[in-house]
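Here is the structure we will look at, set down as structure tokens.
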There are 2 protein chains.
Amino acid sequence: MSARQVTLAEVAKQAGVSLATASRVLNGSTRQVSEDLSERVLRTAEELGYVPNASAQALARNSSALVGLVVHDITDPYFSCIAAGVTRVAEAAGLSVVLGTTGRRPEREAELLSTLRAHRARAVVLAGSRTTDRAAQSRLAAEIDAFSEQGGRVACVSQAKLGTDTVVPGNRAGARALARALAGLGHRKFAVLGGPSELVVARDRLAGFKAGLADAGIAPPVVINGAFTRDGGYAAAMELLTSKSRSTCVFAVTDVMAMGAMAALRERGVRIPEDISIAGFDDIPTLRDTVPALSTVRLPLEEMGEIAAGLVLDAGGDEARTVRVAGEVVLRASTAHN
Amino acid sequence: MSARQVTLAEVAKQAGVSLATASRVLNGSTRQVSEDLSERVLRTAEELGYVPNASAQALARNSSALVGLVVHDITDPYFSCIAAGVTRVAEAAGLSVVLGTTGRRPEREAELLSTLRAHRARAVVLAGSRTTDRAAQSRLAAEIDAFSEQGGRVACVSQAKLGTDTVVPGNRAGARALARALAGLGHRKFAVLGGPSELVVARDRLAGFKAGLADAGIAPPVVINGAFTRDGGYAAAMELLTSKSRSTCVFAVTDVMAMGAMAALRERGVRIPEDISIAGFDDIPTLRDTVPALSTVRLPLEEMGEIAAGLVLDAGGDEARTVRVAGEVVLRASTAHN
DNA sequence: GCGTGGCGGGAAAGCGCTTTCCGGCGCTGC
DNA sequence: GCAGCGCCGGAAAGCGCTTTCCCGCCACGC
């Protein structure tokens, strides 16, 4: 084992050309190489099974074929959808995706960025939710600066960051429209299962929802915060049930939380939507077949990943670009007239 | 922008030591460095914000801090769970995961492996399902050889491959046990929604299920093949419905397919489990809250990812190791007595 | 006929690290 | 008191590639 790798030098020697020529042929350069030399090199490379050493190329070019992707939890369908979009675009561009997961610890984001910088990643997509944790934020900001100084681009999904390209889903507007739609069904008493208050996404959705209720002249909702996960939704719903507030409609700021909440409600014998209506946010594809079908705000998650990757890959100016994607209210069986 | 990166040389100069010493301090070497020099280097590195150039290290060491992970579709919860396990272990070991997706095209697997080889990835976990496509298989086999020759380790999940470490879920045994359990509920007429016949996983599960039915003295099931996806399950179930076979119980070889199948049945007004029972395989966590709760065979997916990563990261002997993980039959509300 | 340019090939200088090898120094053991 | 050894620091040789620079060659213009 460990038969050493075929190098460019070997190919060049075998083909009877110089290193420079071989390099020019095998890796697009601006310089031309004559037809016959070129063909000879190509053939030799093929015969020898030459595979360029990406580290060496990265070192020589000071830029690698890697693009980073940072998510909280790849298991969460929200992130895996975005990841699918990012990888599709990156792979189409001949780049490899390096996946980093934070496990929802804010400080990991900066660490991962630093690693990515060490690898001279060409670009990185930050899909995590922005927190309001000051220390983590400023450490992250510093890393983002360092990363772009070094020549890499960074794009964020759903979090506007200092001078980075951004894909911004209509969290506020979507939640607001949802609130109005639910009010249109006749509901007057609402509860919101919110995410942790330091997550900006959670806050935006909550704020939008409140605004929508206000639009309809409805009293502010009861708000219960929980983790941004299935279990968080479950716990929040349990808390809601014991709180004796008599809401007729619950908005969970995330489809995944809504799933947990529905489980809790069912467990307690609360019927959906007869006893209580429930809506989520994201429209996770994997969850579309659940019963009752979940009312939600559809976000084109994979597309958002593609857009982010697109932004980060075509160099663009120095200008930070922002692409807004709208959420679309989708009312299904989990919400009924009141 | 593009303020050049701080290099080891700068740190060394600033700290007044040689390159060698700085390298020894900053990146664990066997050689000792005196207390005061060591501390000086560390401090200088910190002040300057030194981050080692991973490409250069990889080149010099001829081995990178990258481990590959190849899946068909990161959006599929089966794969995202495995991915979570792999990344957890890899990140804990200070390595970065590069994620490759095949989009279920068999030939992509070899391509990705080749890219990974170019990057001198230390190891790779192949989580895709093995196909019986001869050409793709032999191309893949060649790449696996090349990869390990070059010093990288490769592990497969659910597909025994030439001399690679493997994590083998009990597909056959699990499906067999499931069949017996369902027979125990009194069912006598079964249908199986199988995956594409060239996928070994699909075939194993089907074979195991048949064996289980045989154990119980039950006639072979009607088999309908479809894609290994939600839509595949939907289509297969539709076909089943039009086929007029009067099965009382359906086994979809995958939870995701089962979800599609349930959607199809519901659409046609078939009640689950009153009119027909249905079971899946995998026990996808995201799908555990669906109604009716899906009977299935539980596989510890994240753990499988962890095991695979563990195998591939601790060097081990030349021996190819195989770890079997058992599936556990979980009967829930989607299957009823007949 | 000779100067001028353009073109394609090759030599060689890096890119930022790791690691081998060498040399100096302070000990130990006789 | 000195040979010998272990220890630690530094010089320098790569690792495999890209790219600059130079050089020879040919076509062309006067």
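Just so you know, these numbers come straight off a predicted model, no measurement behind them. Proteins get letters first, then strands, A, B, ... in listed order; numbering begins at 1 in each.
Rounded to an integer number of Å, the gap from CG of Asn62(B) to P of dT19(C) is 11 Å. In this structure, NZ of Lys13(A) is placed 21 Å from P of dG9(C), rounded to the nearest angstrom. Rounded to a whole Å, the CG atom of Leu8(A) is 20 Å from the P atom of dG14(C). Here dT19(C) presents its C1' atom at 17 Å from CD of Gln32(B), a figure rounded to the nearest Å. In this entry the distance linking CG of Leu59(B) with C1' of dC15(C) reads 9 Å, nearest Å. The CG atom of Leu37(A) sits 11 Å away from the C1' atom of dG10(C) (whole-angstrom rounding). Remark: P of dG16(C) and OH of Tyr50(B) are 10 Å apart, rounded to the nearest angstrom. Residue Asp36(B) contributes atom CG, which lies 12 Å from atom P of dC8(D) at whole-angstrom precision.
Between dC15(C) and Ser55(B), no contact under 4.0 Å exists linking OP1 or OP2 to a side-chain N or O. Considering only side-chain N and O atoms, Gln57(B) lies under 4.0 angstrom from the phosphate OP1 or OP2 of dT18(C).
Contacts of Ala22(A) classified as side-chain contact (heavy atoms from CB on, under 4.5 Å), with partners at least two apart in sequence or in another chain: Leu8(A), Ala12(A), Val17(A), Val41(A).
The two residues Cys81(A) and Leu301(A) come nearest to each other via the heavy atoms CB-CB, 3.6 Å.
Applying the side-chain hydrogen bond (donor to acceptor under 3.5 Å, both in side chains) test to residues at least two apart or on different chains, the pairs with a partner in residues 78-98 of chain A are Arg88(A)-Glu302(A), Arg88(A)-Glu306(A), Glu91(A)-Thr101(B), Glu91(A)-Arg108(B). Under the salt bridge (Lys or Arg N to Asp or Glu O under 4.0 Å) criterion, no residue pair touches residues 12-29 of chain B, with sequence neighbours excluded. Applying the ring pair (Phe, Tyr, Trp, His ring centres under 6.0 Å) definition to pairs two or more places apart or across chains, those involving residues 49-74 of chain B are His72(B)-Phe79(B).
Along DNA chain C, the nucleotide closest to Val17(A) and the one closest to Ala60(A) are compared, and the more 5′ of them pairs with Val17(A).
At its two ends the helix from dG1(C)-dC30(D) to dC30(C)-dG1(D) runs along axes set 40° apart, each axis drawn from five pairs and the angle rounded to 10°.
Side-chain N or O atoms of Asp73(B) include none that pairs as donor or acceptor with a backbone N or O of Gly103(B) at under 3.5 Å.
Evaluated for a side chain to side chain contact (heavy atoms under 4.5 Å, CB included) with Leu311(B), the options Val167(B), Val154(B), Val125(B) yield exactly one hit, Val167(B).
Near DNA chain C, meaning a heavy atom under 4.0 Å from it, residues 19-27 of chain A has Ala20(A), Thr21(A), Arg24(A) in order of number.
Taking the charged nitrogens against the carboxylate oxygens, Arg139(A) and Glu107(A) have no contact shorter than 4.0 Å, which rules out a salt bridge.
When distances run from any side-chain atom of Asn53(B) to the nucleotides dC17(D), dC17(C), dC15(C), the shortest one goes to dC17(C).
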